[in-house]
Amino acid sequence: MFKTGEISFHEADGVFIAIGHVPNTAVFKGILEMDDDGYLITIGKSTYTGIPGVFACGDVQDKVYRQAVTAAGSGCSAAIDAERWLAEIK
């Protein structure tokens, strides 16, 4: 979409977006709550966002550490939160 303007849809079980030093969250603007620096806001210390079933972790949510190791651990937290959320809605 960003280079050609063409929009396409792909069926997926999950999406992981890698970023650099600036959170690559523009795709979520107007959809997910974010702070003035563009980091996604989560509820408390969890990975839950304001949309049920949508979780944020790593570089797009952690403006303090942002490194890959922290992102990997945070990704694990999001997976656990997602698993618990899925169990609750069954």
Donor-acceptor contact below 3.5 Å, side chain S74 vs main chain C57: no
Spacing of M34 atom CE and T49 atom OG1 [to the nearest 0.5 Å]: 10.5 Å
V27 to I31 - nearest heavy-atom pair and separation: O-CD1, 3.8 Å
Pairs touching residues 76-86 that satisfy side-chain hydrogen bond (donor to acceptor under 3.5 Å, both in side chains), sequence neighbours left out: T47-D81
Distance, nearest 0.5 Å, that separates OH of Y39 from OG1 of T25: 9.0 Å
Within one Ile-Leu-Val-Met-Phe-Trp-Tyr cluster: I89 and I43, side-chain cutoff 4.5 Å: yes
Pairs where residues 26-38 contributes a residue and the test side-chain hydrogen bond (donor to acceptor under 3.5 Å, both in side chains) is met, not counting sequence neighbours: D35-K63, D37-K63
Heavy-atom check, side chain of F28 versus side chain of L40, under 4.5 Å: yes
Within one Ile-Leu-Val-Met-Phe-Trp-Tyr cluster: L86 and I80, side-chain cutoff 4.5 Å: no
Heavy-atom closest contact (Q61 atom, S46 atom, distance): NE2-O, 3.8 Å
L32 to I51 - nearest heavy-atom pair and separation: CD2-CD1, 3.5 Å
